[in-house]
Amino acid sequence: MNPVVGLDVAKGESEAQAFLDKDRPYGKSFSVKHIKEDLDLFVSYLKGIETKTGVRPAVILESTGHYHTPIIQCLEDNQFLYILVNPIISYQAKKTSLRKVKTDAVDAYHLCVLYYKEEFEPYKKRGLRLLNLRTLSRQYETVTNLYIQAKLQFHTILDQVFPEYRGVFGDLFSQVSLKILKEFPTSEDVLRSGEAKILERIVGMRIKRSEGWARERAAKLIASAERNPFQQGVYQSQLFSLDMYISILLQYQEHLSSIEAEIDVLAKEIEECKIIQSIPGIGGKIAATIISEIGEIDRFNHPKKLVAYAGIDPSVHSSGKFTATINHITKRGSSRLRHALYMAVLCGIRSSRNKKLKEYYDRKRNEGKPSKVAMIACVNKLLHWIYAILKRNEQFLDMA
């Protein structure tokens, strides 16, 4: 016998359906809440199937972001084999039926049917360090996106209060710039305080700059306040919003700095990160993102599988006598990995930092390929290099 249990995972609970063998459903479906009591009962149910069939059942479920985490933890603790299915595959399998029925019980049933149709490999658990690195890398991306949105809102408010403030400091979003603006948010505040007091505040921040630099910034701030079109009549609500967004920006900067420090500490402990950084154009942050998204390279027995996982494999469209000549990449893999690889290629070919990659890009362009097509070809090439050096466990420059 080849027993399996299909789980349709949702937030807080899952629907389970068991099969003892192909075309042999076992009992009716039932609900499992993601609490310890129900999970313990589910484990007892699995052990009951093992007693009945003499074979430990596998569990098949869709990958659902974080909703399946309690189930996975329970199965790993009790050493049950589980298979995580890409939702695209399971969705296509559910559409094979002529009847249009969508319930959790039916979905769990279809997962069991899919198990017997396809040859799935058991899920290969990632190492704890790589999982931590992936979580931190994704958190960094999330906070960065929020930081960018806050910047846009900040620009809108600044245009209504003190647009001439831009240019006073080289970096508008540096800590000294934001803190000075927080203390002197309007032209009236700047002119009333005077150059001497502003200079004192800048010097008091103990930044690694000369007093001459601070004096120049103070003079620029006075000049910008005199040019500012909003000398008076600024709404209190606008000042409140400006102060709020400055506080948010400073807080996001602090969070990003903390996450980046944690990523650096973890990356130094992972040998694969050092290997990937041997490729010119790949820095620490990009290397950490790439290796955290790929995971252990042993998960892929061929570079084409890694290419497909990144979603940069070309789609195929052929029917009858027609064969498409323009095929886009599938984009069905990890978007974070794809973006990190693209940035690595961009850094590599810019200023010819990665000579091998730049030569390959130029060759594709000379063949008449558009820039985007040549870039994707370089991403594909880079991913093959990454696969090779990780498999061989050697530096990029040492490759034959």
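Owing to the predicted nature of the structure, the values given are computational and were not obtained by experimental measurement. In this chain, residues are counted from 1 in sequence order.
- Within the 3.5 Å criterion, the main-chain N or O of S29 finds a donor-acceptor partner in the side chain of Q17.
- Heavy atoms of other residues, nucleotides or ligands lying less than 6.0 angstrom from OH of Y116 number more than 12.
- Annotation: cation-pi geometry satisfied between R299 and Y309 (NZ/CZ under 6.0 angstrom from ring centroid, within 45° of ring axis).
- Residues V43 and F80 have side chains in contact (heavy-atom distance under 4.5 Å, counting atoms from C-beta outward).
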**Message:** Does D159 form a salt bridge (Lys or Arg N to Asp or Glu O under 4.0 Å) with R166? I'd like the steps, not just the answer.
**Reply:** CA-CA 10 Å; D159 285 339; R166 293 185 182 87; 2.8 Å; yes
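- Side-chain contact between H34 and V9: present, with at least one pair of heavy atoms (C-beta onward) separated by less than 4.5 Å.
- In this structure, F42 has no ring-ring contact (aromatic ring centres under 6.0 Å, His included) partners at least two apart in sequence or on a different chain.
- Under the salt bridge (charged side-chain N to carboxylate O under 4.0 Å, His left out) criterion, the residue pairs touching residues 25-47 are K36-D40, with sequence neighbours excluded.
- At a threshold of 4.5 Å between side-chain heavy atoms, the hydrophobic network of Ile, Leu, Val, Met, Phe, Trp and Tyr places Y235 and F230 in two separate groups.
- Annotation: side-chain hydrogen bond (donor to acceptor under 3.5 Å, both in side chains) contacts of Y140 (sequence neighbours excluded): K285.
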**Prompt:** Would K179 and E183 satisfy salt bridge (Lys or Arg N to Asp or Glu O under 4.0 Å), going step by step from the backbone distance to the final call?
**Reply:** CA-CA 6 Å; K179 287 178 180 178; E183 189 169 351; over 6 Å; no
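- With no hydrogens or angles considered, a side-chain donor-acceptor pair links Y361 and S371 at under 3.5 Å.
- Closest approach of N78 to C74, counting heavy atoms only: ND2-O, 2.8 Å.
- Under the 3.5 Å distance criterion, the side-chain polar atoms of R134 are left unmatched by any main-chain donor or acceptor of E293.
- The side-chain heavy atoms of I279 and L357, taken from C-beta on, include no pair separated by under 4.5 Å.
- Taken together through direct or relayed side-chain contacts under 4.5 Å among Ile, Leu, Val, Met, Phe, Trp and Tyr, W213 and L221 form part of one hydrophobic cluster.
- A donor-acceptor pair under 3.5 Å is absent between the side-chain atoms of S187 and the main chain of Q231, judged by distance alone.
- Not less than 6.0 angstrom separates the ring centroid of Y387 from the ring centroid of F300.
- In K304, the NZ atom is not crowded: 12 or fewer heavy atoms of neighbouring residues, nucleotides or ligands sit closer than 6.0 Å.
- The environment of K182 atom NZ is dense: over 12 non-hydrogen atoms of other residues, nucleotides or ligands sit within 6.0 angstrom.
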**Item:** T64 and K11: CA distance, side-chain angles, deciding distance, side-chain hydrogen bond (donor to acceptor under 3.5 Å, both in side chains) verdict
**Value:** CA-CA 9 Å; T64 55; K11 184 177 181 180; over 6 Å; no
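- Formation of a donor-acceptor pair under 3.5 Å by the T69 side chain with backbone atoms of H66 is found in this model.
- Contact annotation: the side chain of V265 approaches that of E269 to within less than 4.5 Å [non-hydrogen atoms, C-beta and beyond].
- Checked against the 6.0 Å centroid criterion, the rings of H155 and F173 qualify as a close aromatic pair.
- Between Y45 and F30, the ring planes are perpendicular. Angles over 60° get that label, and only those under 30° would be called parallel.
- You'll find the side chain of P163 reaches within 4.5 Å of the side chain of N228, heavy atoms only.
- Not one N or O on the side chain of R138 forms a donor-acceptor pair closer than 3.5 Å with the backbone of R336.
- Judged by the 6.0 Å distance and 45° axis criteria, K381 is positioned over the aromatic ring of Y360.
- Counting heavy atoms from C-beta on, the side chains of P229 and E164 come closer than 4.5 Å.
- For the pair N366 (side chain) and D362 (backbone), a donor-acceptor distance under 3.5 Å is present.
- A donor-acceptor pair is defined here as one N or O able to donate and one able to accept, closer than 3.5 Å; such a pair exists between the side chain of S241 and the backbone of S237.
- Residues L7 and E15 form no side-chain contact, since every pair of their non-hydrogen atoms from C-beta on lies 4.5 Å or further apart.
- Taking the ring axis of Y26 as reference, the NZ or CZ atom of K52 does not stay both within 45° of it and closer than 6.0 Å to the ring centre.
- When all heavy atoms of S177 and D171 are compared, the pair lying nearest together is CB-O, 3.5 Å.
- Cluster annotation: L178 is not connected to V203 through the hydrophobic network of ILVMFWY side chains, with a link wherever side-chain heavy atoms come within less than 4.5 Å.
- Between D77 and Q73, the side chains place a donor N or O and an acceptor N or O closer than 3.5 Å (distance only, hydrogens not considered).
- Checking side-chain atoms of E50 against main-chain N and O of L46 turns up no donor-acceptor pair under 3.5 Å.
- Judged by distance alone, the side chain of S278 and the main-chain N or O of K274 form no donor-acceptor pair under 3.5 Å.
- The nearest pair of heavy atoms linking L346 to M375 is CD1-CE, 3.8 Å.
- For the pair L81/R56, no side-chain contact is recorded, criterion being any heavy-atom separation below 4.5 Å from C-beta on.
- No donor-acceptor pair under 3.5 Å is formed between the side chain of R217 and the backbone N or O of I202.
- Aromatic ring centres of F19 and Y115: separated by at least 6.0 Å.
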